[in-house]
Amino acid sequence: AQQFDKYVLTLAAGALALSITFINQIAPKPIPYSLWVLLLAWSLFSLSILSTLSSQLTSQRACRRQIEVLEHAFKGQGVGENSYVWWTIFLNRASIGLFVSGTFALIIFTGVNMLSNKGEENMADSEKTTQKPVEKTDKGFVPPATPGFVPPKTPIKPPSKEQGGE
């Protein structure tokens, strides 16, 4: 049970830290209506962490209370109730449920924004690659300019006869 608490605590804290750290890489331009899903994911991860920490406290208290219950039973004073066991189980289940829910919320946020940003990138790429139509002049057709090509400022002289020209 103690290992379970450590795993959930590590996973929830790691997911929260990584999603906060890499939010610009996950969604550089998040869709405004999707931000509530991100806040929900962060809230669920935070509640999972709090639930796990609380379950560790109730687990310690449950152990102390169980010792008292067994001492009373050994002395023949009757068997008492240990409600801390119930709280520990509840908090453990809540922590895993909150972690899984936070993970799904983060996946939904990431998916929505990746699909949206992918569409924007595709549109930007298609706008970059569209070429201008070929222009017609009285001397013939002028090919479209090559992106990034700067024509020379001085006219190029044809090669002389000495250089192999006509």
Side-chain angles (χ1 to χ4, degrees), residues 1-63 65-66 82-156:
Q2 192 174 14
Q3 287 296 101
F4 173 80
D5 288 344
K6 287 180 185 179
Y7 292 144
V8 172
L9 184 61
T10 302
L11 289 171
L16 180 62
L18 287 174
S19 64
I20 290 172
T21 303
F22 294 110
I23 188 64
N24 287 333
Q25 285 77 15
I26 294 172
K29 297 176 187 175
I31 300 171
Y33 71 82
S34 71
L35 290 175
W36 72 269
V37 180
L38 179 63
L39 294 175
L40 176 66
W42 287 347
S43 299
L44 291 168
F45 287 140
S46 298
L47 289 172
S48 177
I49 292 168
L50 290 175
S51 178
T52 303
L53 294 174
S54 298
S55 76
Q56 289 178 351
L57 293 175
T58 59
S59 176
Q60 291 174 357
R61 185 63 184 131
C63 289
R65 176 68 181 136
Q66 192 62 35
N82 190 352
S83 62
Y84 292 104
V85 172
W86 182 87
W87 279 106
T88 302
I89 293 169
F90 172 77
L91 289 170
N92 278 332
R93 290 179 180 166
S95 67
I96 191 67
L98 290 165
F99 170 73
V100 169
S101 300
T103 302
F104 281 128
L106 187 60
I107 289 170
I108 290 169
F109 172 79
T110 303
V112 165
N113 283 288
M114 286 182 79
L115 290 174
S116 171
N117 289 337
K118 188 71 170 170
E120 289 176 9
E121 288 174 9
N122 288 341
M123 286 176 39
D125 289 343
S126 66
E127 288 174 3
K128 289 178 187 174
T129 59
T130 55
Q131 296 181 353
K132 294 180 183 177
V134 178
E135 298 175 19
K136 184 175 181 183
T137 65
D138 58 341
K139 295 181 181 180
F141 289 98
V142 177
T146 306
F149 174 74
V150 179
K153 293 183 180 183
T154 59
I156 299 174

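The figures that follow rest on heavy atoms only: side chains count, while hydrogens, waters and symmetry mates do not.
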Chi angles and distances behind the side chain to side chain contact (heavy atoms under 4.5 Å, CB included) call for F104, L44: CA-CA 10 Å; F104 281 128; L44 291 168; over 6 Å; no
Taking every non-hydrogen atom, the tightest pair across F45 and A15: CZ-CB, 3.6 Å
Side chain to side chain contact (heavy atoms under 4.5 Å, CB included) between F99 and I49, intermediate numbers included: CA-CA 8 Å; F99 170 73; I49 292 168; over 6 Å; no
W86 and F90 aromatic ring geometry - parallel, tilted or perpendicular at 30°/60° bounds: parallel
Gap between atom OG of S116 and atom NZ of K29 - 0.5 Å precision: 10.0 Å
Where L16 and S46 come nearest, the two heavy atoms and their spacing: CD2-OG, 3.8 Å
Gap separating the CD atom of Q56 from the CG atom of N92, nearest 0.5 angstrom: 8.5 Å
For T88, the option from T58, D5, N82 that meets side chain to side chain donor-acceptor pair (under 3.5 Å): T58
Intermediate values then yes/no, side chain to side chain contact (heavy atoms under 4.5 Å, CB included), V85 and I89: CA-CA 6 Å; V85 172; I89 293 169; 4.0 Å; yes
T52 backbone acceptor or donor facing S55 side chain under 3.5 Å: yes
Residue pair F4, Y7: steps toward the side chain to side chain contact (heavy atoms under 4.5 Å, CB included) verdict: CA-CA 5 Å; F4 173 80; Y7 292 144; 5.5 Å; no
Between CG on residue L115 and OG1 on residue T110, distance to nearest 0.5 Å: 10.5 Å
P30 and its side chain to side chain contact (heavy atoms under 4.5 Å, CB included) partner, picked from I23, L35, N24, L38: L35
Minimum-distance pair of heavy atoms, taken over all atoms of T21 and A17: OG1-O, 2.7 Å
Donor-acceptor contact below 3.5 Å, side chain S51 vs main chain L47: no
